[in-house]
**Student:** 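Quick one: this structure, given as structure tokens, is what I'll be asking you about.
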There are 2 protein chains.
Amino acid sequence: MGSIGRNSKCGQGNLDEVVQQFLERIGEILESECVREVSIDEVTEELKALTPLLRVVLSKWVPEIIYVLFIRGEAGFNELKRALNISSRVLSDKLGELEGKGIVVRGIDAQHKPPRVHYRLTKLGKELGLALIPTLLTIKRKLRQEAHSLNPLH
Amino acid sequence: MGSIGRNSKCGQGNLDEVVQQFLERIGEILESECVREVSIDEVTEELKALTPLLRVVLSKWVPEIIYVLFIRGEAGFNELKRALNISSRVLSDKLGELEGKGIVVRGIDAQHKPPRVHYRLTKLGKELGLALIPTLLTIKRKLRQEAHSLNPLH
DNA sequence: CTGAATCCTTTATGATACTG
DNA sequence: CAGTATCATAAAGGATTCAG
């Protein structure tokens, strides 16, 4: 169940597993001596550079928006609104911001009577969507474990 | 430069490259037909489940805190405060929240005269730190590209 | 349907001061 | 050093209304 990790239907194998392997792999790389040497000042500097975009990408609603667009390919305004359970104002603001940052593009299909609008991810947006998958899967796994341990049947 | 991706010093090879390969790999998996079939309702349901924890993990300051602790292994209160340029109240709140969620643990070393406190990531915290790496690297790459294209020398 | 405009409420955050 | 307490402000969010 769920959009990410529903792998049995995919010929390509288990996404969850691939992510798991990957996390182990970079875990090993990061464990290797070198990381511990990083000074607090270096980390501070790095964060200072990353923070502006980080704040946009990882702010409220944004990961959700990116995720929906990533999975669905595209979505209309009200479709997103319903999916996220968000007010139009906030959604409108966020989409505007994301468009400004080059993460999302707005398209209009004038064919329809009430012209239909749809949002899609740009290349950057797709990259971010992809990059968010490990975090989402990790959270998902955590929730599964909790559900498990609370369920007396397991 | 920077903490993530400073691979030349690591024997284990290029982190950036590993992340890149991984993203391509899961990109392929996700491209394979199956994803597009996911209904908007399924995505909505999934998000509803993920959101509570997602909001904690991806809220302001939290990714930064996790990242610093991830890279450094541990940090004291004021050390974090300086690194993030955050007020004590907010930091205190966030650390309390993260402790409550089992993402961070607080340790006290009573040996020191003013007892020294240090924060570390729990297993879950480390998993999340790991999972955040692709997002951070993607943002970092993006910033590098921008810097590049703005610089006439390149 | 797709939003922009308004108004209003609730958090979140920041600065400052203070304690053990 | 490691916070807590207080106060003031800004930012975020929601509800409603309206227009193209």
Side-chain angles (χ1 to χ4, degrees), chain A residues 40-41 44 47-48 51-66 68-69 72 74-101 103-120, chain B residues 40 44 47-48 51-66 68-69 72-101 104-121:
Chain A
I40 187 79
D41 291 332
T44 303
L47 278 180
K48 206 174 293 173
T51 294
L53 228 196
L54 195 64
R55 284 286 161 77
V56 174
V57 175
L58 302 188
S59 70
K60 202 170 178 182
W61 301 117
V62 172
E64 288 97 322
I65 293 173
I66 292 179
V68 173
L69 295 179
R72 298 275 303 166
E74 77 172 52
F77 187 86
N78 281 323
E79 198 176 7
L80 271 172
K81 183 166 142 69
R82 276 191 302 275
L84 303 182
N85 209 297
I86 184 179
S87 74
S88 2
R89 199 181 60 68
V90 176
L91 179 56
S92 183
D93 286 355
K94 289 293 177 180
L95 286 172
E97 188 180 9
L98 292 177
E99 207 185 343
K101 296 283 176 183
I103 294 172
V104 149
V105 275
R106 211 180 86 123
I108 304 182
D109 177 5
Q111 305 304 309
H112 288 67
K113 313 281 213 48
R116 180 165 182 74
V117 177
H118 54 80
Y119 293 88
R120 296 169 164 286
Chain B
I40 187 79
T44 303
L47 279 180
K48 205 175 296 174
T51 294
L53 229 196
L54 196 64
R55 284 285 161 76
V56 174
V57 176
L58 302 188
S59 70
K60 201 172 177 180
W61 301 117
V62 172
E64 288 96 322
I65 292 173
I66 292 179
V68 173
L69 294 179
R72 297 276 302 168
E74 77 172 50
F77 187 87
N78 282 323
E79 198 176 6
L80 272 172
K81 184 166 140 69
R82 278 190 302 273
L84 303 182
N85 209 298
I86 184 180
S87 74
S88 354
R89 202 181 62 67
V90 175
L91 179 56
S92 183
D93 287 355
K94 290 292 178 182
L95 286 173
E97 188 180 10
L98 292 178
E99 206 184 344
K101 296 283 178 185
V104 148
V105 275
R106 210 181 88 121
I108 303 183
D109 178 4
Q111 305 303 309
H112 287 68
K113 314 280 213 52
R116 180 164 181 74
V117 176
H118 54 80
Y119 292 88
R120 296 168 163 286
L121 293 177

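Sequence lines set the chain letters: A, B, ... in the order given, protein chains first and strands last, and positions in each chain run from 1. The analysis underlying the following values was restricted to heavy atoms, covering all of them including side chains, and did not include hydrogens, waters or symmetry mates.
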**Student:** Would you tabulate the side-chain donor-acceptor contacts of residues 88-99 of chain A under 3.5 Å, counting partners in other chains and residues two or more places apart, or write 'none'?
**Tutor:**
{"residue": "A:R89", "atom": "NH1", "partner": "A:D93", "partner atom": "OD2", "Å": "2.9"}
{"residue": "A:K94", "atom": "NZ", "partner": "A:S59", "partner atom": "OG", "Å": "3.3"}

**Student:** If you measure from CZ on B:R120 to CZ on B:R106, what distance do you get to the nearest 0.5 Å?
**Tutor:**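 Reported value, rounded in 0.5 Å steps: 14.0 Å.
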**Student:** Show your reasoning for whether side chain to side chain contact (heavy atoms under 4.5 Å, CB included) applies to B:I40 and B:T44.
**Tutor:** CA-CA 6 Å; B:I40 187 79; B:T44 303; 4.2 Å; yes
**Student:** Identify the 5'-most and 3'-most nucleotides of DNA chain D with at least one atom closer than 4.0 Å to a non-hydrogen atom of chain B.
**Tutor:**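 Range of nucleotides touched by chain B: D:dC1 to D:dT6.
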**Student:** Nearest 0.5 Å please: distance from the CH2 atom of A:W61 over to the CZ atom of B:R55.
**Tutor:**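 So the gap between those two atoms works out to 4.5 Å.
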**Student:** Atom CG in A:L69, atom CD in A:E74: separation rounded to 0.5 Å?
**Tutor:**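 Those atoms lie 9.0 Å apart.
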**Student:** Between B:V117 and B:F77, is there a side-chain heavy-atom distance shorter than 4.5 Å?
**Tutor:**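 B:F77 does not reach B:V117 side chain to side chain.
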**Student:** If you take all heavy atoms of B:P63 and B:L58, which pair is closest and at what distance?
**Tutor:**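 Where B:P63 meets B:L58 most closely, the heavy atoms are CG-CA, 4.2 Å.
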**Student:** If I take atom CG from residue B:L80 and atom NE2 from residue B:H118, how far apart are they, to the nearest 0.5 angstrom?
**Tutor:**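 One finds 12.5 Å between CG of B:L80 and NE2 of B:H118.
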**Student:** Between residues 79-92 of chain B and DNA chain C, which residues have a heavy-atom gap below 4.0 Å?
**Tutor:**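 Listed by number, they are B:R89, B:V90.
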**Student:** To the nearest 0.5 Å, what is the distance between CD (B:E64) and CG (B:N85)?
**Tutor:**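 B:E64 atom CD to B:N85 atom CG measures 11.0 Å (nearest 0.5 Å).
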**Student:** Using C1' atoms of five pairs at each end, report the bend of the helix from C:dC1-D:dG20 to C:dG20-D:dC1 rounded to 10 degrees.
**Tutor:**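 For the helix from C:dC1-D:dG20 to C:dG20-D:dC1, the axes at opposite ends meet at about 50°.
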**Student:** Could you give the start and end, 5' to 3', of the contact zone on DNA chain C for chain B, using atoms under 4.0 Å from its heavy atoms?
**Tutor:**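 Under 4.0 Å from chain B, the extent on DNA chain C is C:dT13 to C:dA15.
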**Student:** For B:P115 versus B:A110, what's the shortest heavy-atom pair and its separation?
**Tutor:**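 Answer, listing the atom of B:P115 first, then B:A110: CB-CA, 4.4 Å.
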**Student:** Do you know which two heavy atoms are closest between A:V62 and A:V57, and how far apart they sit?
**Tutor:**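 The answer is CG1-O, 3.3 Å.
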**Student:** By a strict heavy-atom criterion of less than 4.0 Å, which residues belonging to residues 54-62 of chain B are in contact with DNA chain C?
**Tutor:**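 Here the set is B:K60, B:W61.
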